[in-house]
Amino acid sequence: MNQAKRRSAPAIMGALIGLVKPLLPIMCLAIILGVIGYLCAIFLTILAGYGLLHALLDAMGVTATSGILSVSMGRLYALLVCLAVCRGILHYGEQYCNHFIAFKLLAIIRHKVFAALRRLCPAKLEGRDKGNLISILTSDIELLEVFYAHTISPIAIAVCTSVIMAVFIGSNSMAAGLLALAGYIVVGAVIPIVMGRKGAAPGMELRNAFGDLNSFVLDSLRGLDETIQYDSGARRMEQMNDRSAAYGKLQKGLNQLEAVQRSVTNFAILLFSLAMLLLMLYVYQEGAASFEQMLICVIAMMGSFGPVVALSNLSNNLNQTLASGERVLAILEEEPKVEEVHDGKNTEFSGAEAQNISFCYEDEQILRDYSITFPKGKVVGIHGASGSGKSTLLRLLMRFWDVQEGSVAISGEDIRGLNTANLRDMESYVTQETYLFHDSVANNIAIGKPGATREEIIEAAKKASVHDFIQSLPKGYDTQVGELGDTLSSGERQRIGIARAFLHDAPFLLLDEPTSNLDSLNEGIILKSLRETCQDKTVVLVSHRKSTMHVADISYEMNQGRLS
């Protein structure tokens, strides 16, 4: 991600906090429980100081007649036990609320990210680094749990607790209250902000490096056959080691930064505690505070850094969390190149045409002033070499991209004005490489028509000449195809893709090299079935094979984005 385009940490936090709105009451409850819980812990220490002073006075034979020192030791012990129990219960309640919010929000964010990816598909995701996407969907979103469970409420708790303790200490000595407030600000805000700025860029670099490493591992796993065949395993391993070492170096740098911050934080706490002790000794000697007030202010100061220390310890982890948040927000806010239409027109298919269309990927011109008509009920064949623009034309008909010039129309309506759902219902698209999910054969075919019956699935498979093969599998239609369909050959995957299209039963069938992975016999069977079952459909048949064009009613030759 370009550093110049990165938003600030407060902006990232503001955007992430905005997602908490539906769960705001629970967040407020967590903050209240956390503040009261920390106050219980702090006053445990303060009361322990009172207990020591009480015991000292008893040993000296002095009896206090006012204030908390007049309370009996038995009652003081009971109060200490009560505070300790309350601290445990309140801390559990706070953590429960925070984790409830975190896991609820992670589910919401995952839903939002998948919805965003669906909007961006396929134009914005074509060629996108898949490993980085996987990293965002898994580890980056998971890391946001730290933000929602261990960042938002700790910040609010630290602020509220620090203000309360500054007022409490200030009620004994105004100077002591101001010193305490300064200590809380330095430990809880100044040090984390300064150190956080140093770790912001390395944090983002680490998250991007992790995504790149994921991509490399994924690529290596997919290319194992080629790696073994060409004996390049040693080279691949060396590259893996280099990337792992670079990632480890980044991680080590952040760990060192975290260690420095902890040392600086602890040193600051000691300095402010010492300053409080010296200040209260001076105030006591001047007669401006009692011995009891002096003792309580010092103990309260030393025992009240817990909330701001927890806040300070967040900053290095927060750098990575905010980097993850930035990557997730970038996906959520990215604008698709092709916007789905929901308030447009609906129509019934009666033919399609492309008029004077031009299209390019970046600076590469693919189609130039291209026109073609697809009459209803006809099989239109388009033959051409690889790279001539055949597949691009089909993607434009599907409106995976929009043309830069000219128009694509169905039934006389520009497809940019048609409802996307209506457009998809009218079209079936078989790509060159059929993707199979890690599921059963039946469920992979049923993608073409969610809720299809087994009979409909079998009928579609028969039309695609894949039924007999499926029957020969160990569990027939319930056989698992393996990840990426790697248990099937490319030809078998292609026929399952054709079966999907038959099951979808749309009036406009787009076939991109539908027989490229089939032998001549199976190609003839598929084309014969296509001719028999698609008599009332409009078919666009794209292929680099001349033999495939024999089934077409109309044939065109495509050369460098033009027809001949």
Side-chain angles (χ1 to χ4, degrees), residues 34-84 86-87 157-192 262-312:
V35 170
I36 299 173
Y38 264 116
L39 290 176
C40 287
I42 293 168
F43 278 93
L44 266 173
T45 307
I46 294 173
L47 287 178
Y50 274 113
L52 290 173
L53 184 57
H54 198 297
L56 180 62
L57 292 175
D58 286 347
M60 295 170 61
V62 178
T63 302
T65 57
S66 63
I68 195 169
L69 290 176
S70 63
V71 177
S72 67
M73 288 295 287
R75 290 184 178 180
L76 196 59
Y77 289 148
L79 188 55
L80 285 170
V81 171
C82 182
L83 287 176
C86 288
R87 166 58 175 160
I157 290 168
V159 171
C160 295
T161 307
S162 297
V163 170
I164 292 171
M165 290 309 301
V167 171
F168 173 77
I169 295 173
S171 66
N172 291 280
S173 169
M174 181 62 71
L178 293 174
L179 178 61
L181 185 61
Y184 300 144
I185 291 173
V186 169
V187 173
V190 175
I191 294 175
R262 289 181 186 276
S263 300
V264 172
T265 298
N266 290 334
F267 183 67
I269 290 172
L270 289 173
L271 281 180
F272 277 103
S273 297
L274 179 61
M276 179 63 76
L277 176 61
L278 296 175
L279 173 64
M280 290 312 297
L281 281 173
Y282 173 77
V283 172
Y284 173 68
Q285 290 174 349
E286 291 294 316
S290 66
F291 182 78
E292 178 184 345
Q293 289 175 318
M294 179 191 72
L295 182 65
I296 296 311
C297 286
V298 174
I299 294 175
M301 180 69 169
M302 291 181 175
S304 59
F305 277 106
V308 289
V309 168
L311 193 59
S312 179

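This is a predicted model, so every value here is computed, not measured.
- Scored by the side-chain contact (heavy atoms from CB on, under 4.5 Å) test, Leu44 finds Leu80, Leu83, Ala84 as partners (sequence neighbours excluded).
- With sequence neighbours left out, Thr265 forms a side chain to side chain donor-acceptor pair (under 3.5 Å) with Ser312.
- Using a 4.5 Å heavy-atom cutoff, the side chains of Asn172 and Met280 are not in contact.
- Relative to the six-membered ring of Phe267, Arg262 misses at least one condition, a distance below 6.0 Å or an angle of at most 45° to the axis.
- Between Val283 and Ala289, the shortest heavy-atom contact is CG1-CB, 3.5 Å.
- Between the CE atom of Met301 and the CG atom of Leu274 there is a distance of 10.5 Å, given to the nearest 0.5 Å.
- Not counting sequence neighbours, the partners of Tyr284 by the side-chain contact (heavy atoms from CB on, under 4.5 Å) test are Phe291, Met294.
- In this structure, CD1 on Ile299 lies 11.0 Å from CD1 on Ile169, to the nearest 0.5 angstrom.
- In this structure, Ile191 CD1 and Ile185 CD1 are separated by 12.5 Å, a value rounded to the nearest 0.5 Å.
- For Ile36, the side-chain contact (heavy atoms from CB on, under 4.5 Å) test picks out Ile32, Cys40, Leu90, with sequence neighbours left out.
- Here Ser304 pairs with Tyr184 under the side chain to side chain donor-acceptor pair (under 3.5 Å) rule; sequence neighbours left out.
- Under the side-chain contact (heavy atoms from CB on, under 4.5 Å) criterion, Leu39 pairs with Val35, Phe43, Thr161, Ile164, Met165, not counting sequence neighbours.
- Of all heavy-atom pairs spanning Val187 and Pro192, the tightest one is O-CD, 3.3 Å.
- Atom CZ in Phe272 sits 10.0 Å away from atom CG in Leu181 (nearest 0.5 Å).
- The CG atom of Leu271 sits 11.0 Å away from the CG atom of Asn266 when rounded to the nearest 0.5 Å.
- Sorted by first and then second residue, the side chain to side chain donor-acceptor pair (under 3.5 Å) pairs with a member in residues 267-283 form an empty list; sequence neighbours excluded.
- Counting heavy atoms from C-beta on, the side chains of Phe168 and Ile42 never come closer than 4.5 Å.
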The test is side chain to side chain contact (heavy atoms under 4.5 Å, CB included); show your working for Gln293 and Ser173 and say whether it passes.
CA-CA 8 Å; Gln293 289 175 318; Ser173 169; over 6 Å; no

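- With rounding to the nearest 0.5 angstrom, the SG atom of Cys297 is 11.5 Å from the CG atom of Leu277.
- Taking each heavy atom of Arg87 and Ala41 in turn, the nearest pair found is NE-CB, 3.7 Å.
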